[in-house]
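Note that this is a predicted model, so its numbers are computed, not measured.
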Amino acid sequence: MKAIIYRKYGSPDRLELQEVDEPVVEDGEVLVRVLGAAVNPGDWDLLHGTPYVLRPTSGLRRPRNKVLGLAVAGRVKAVADNVSKFQPGDEVYAEISKGGFAEYASVSQDALALKPSNLTFGQAAAVPVAGVTAWQGLREVGRVRPGQKVLINGASGGVGTFAVQIAKAFGADVTGVCSTTNVDLVRSIGADHVIDYTREDFTRSGQQYDLIFDNVGNRSLPALRRALSPKGMLIPNSNKGGGRWFGAFLGRAFKALLLSPFVSQRLRPFAATGKREDLVVLTELIEAGKVVPVIDRTYPLDETPAALSHYGGGHARGKVIIAVAQNGSRKRGD
């Protein structure tokens, strides 16, 4: 099968299209013919081998797993003998630990969910990491509820576009923060108010929010707390801070954890984890028309290095998708 591999840590030009062996399906696993995959922050980190503290598991000098790709959608090709939840032909999607930028991937049946019937495979691949992160941050941690004033910093990004829609689906009054070029996009997905950060600093406007979901990390904790109500909750969800050695946990997240017991506001950093149950709930919201994945660009498999470079530029609107067409020749599109 065709797959995008990398043998050394570094920039996207390390990625190569190669012929490799098809994955072997083990107990409890399903072989998925990948038709769509999404670029996620974890792919960028794994490509660069950061933070360094994770190198013992990812590979000290070179990557242990040579195929990136943490979110996929496709059709089941084969199942192990003890798999009962899925059968060949099922259209599925999942967050996986490796191997999504390839024609086939082996996936635990416990990670898979049936793909939303109203999405393409590319749209569906956008959901398992970014959509689940937004869901867990807002619902499992933030407990967003009707009438709350919620601010989404980074509202036009992969997680942010899901977060705006999820918060609206649960009746919140949503403010999205983004750049000038993305104001119309953020408004179109349901934000009640949109702040252009190039023209206004939301931390100095005097407005306070019950819940701030920060996907950018471009404001200090004191500044963010200034925009938070006295009993409000701040959820930092940014991989900035902490440097290349320790990453975000020993940066902004660790500072928030240390500070939280001493203030009336609740500072709640979290680490999202892939859960099939969350995909099932998101499927219901998507099929009800309450959440629609926002796709920035779609690249064919052989242009994965360009897709990672575009993502790394930091200006993607929504998700960057890899279309794993059978002939590997699908055209790029917005």
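Considering CD of Q265 and CD of Q208, their distance stands at 7.5 Å, rounded to 0.5 Å. Taken from NE2 in H48 to CZ in R14, the straight-line distance is 9.5 Å, to the nearest 0.5 Å. Note that CG of L301 is 9.5 Å distant from CE of M1, once rounded to the nearest 0.5 Å.
Every residue meeting the side chain to side chain contact (heavy atoms under 4.5 Å, CB included) condition with E22, not counting sequence neighbours, appears here in chain and number order: L31, K77, Y104. Under the side chain to side chain donor-acceptor pair (under 3.5 Å) criterion, D201 pairs with T203, R219, not counting sequence neighbours.
Geometrically, K66 does not engage Y6 in a cation-pi contact, judged by NZ or CZ lying under 6.0 Å from the ring centre and within 45° of the ring axis. Both cation-pi conditions hold for R139 and F170: the charged atom is under 6.0 angstrom from the six-membered ring centre and inside a 45 degree cone around its axis.
Connection of L114 to V281 is not established within any shared hydrophobic cluster, with ILVMFWY side chains joined at heavy-atom distances below 4.5 Å, either directly or through further cluster members.
Under the 3.5 Å distance criterion, the side-chain polar atoms of R266 are matched with a main-chain donor or acceptor of K231. A distance-only check finds a donor-acceptor pair linking the side chain of Y93 to the backbone of L279 [under 3.5 Å].
Between the side chains of H310 and D296, a donor-acceptor pair is found at a separation under 3.5 Å. Looking at N218 and N153, their side chains do bring a donor and an acceptor atom within 3.5 Å of each other.
When every heavy atom of H315 is checked against every heavy atom of G313, the shortest pair comes out as CD2-O, 3.1 Å. The shortest non-hydrogen separation linking K2 to E19 is CG-OE2, 3.4 Å.
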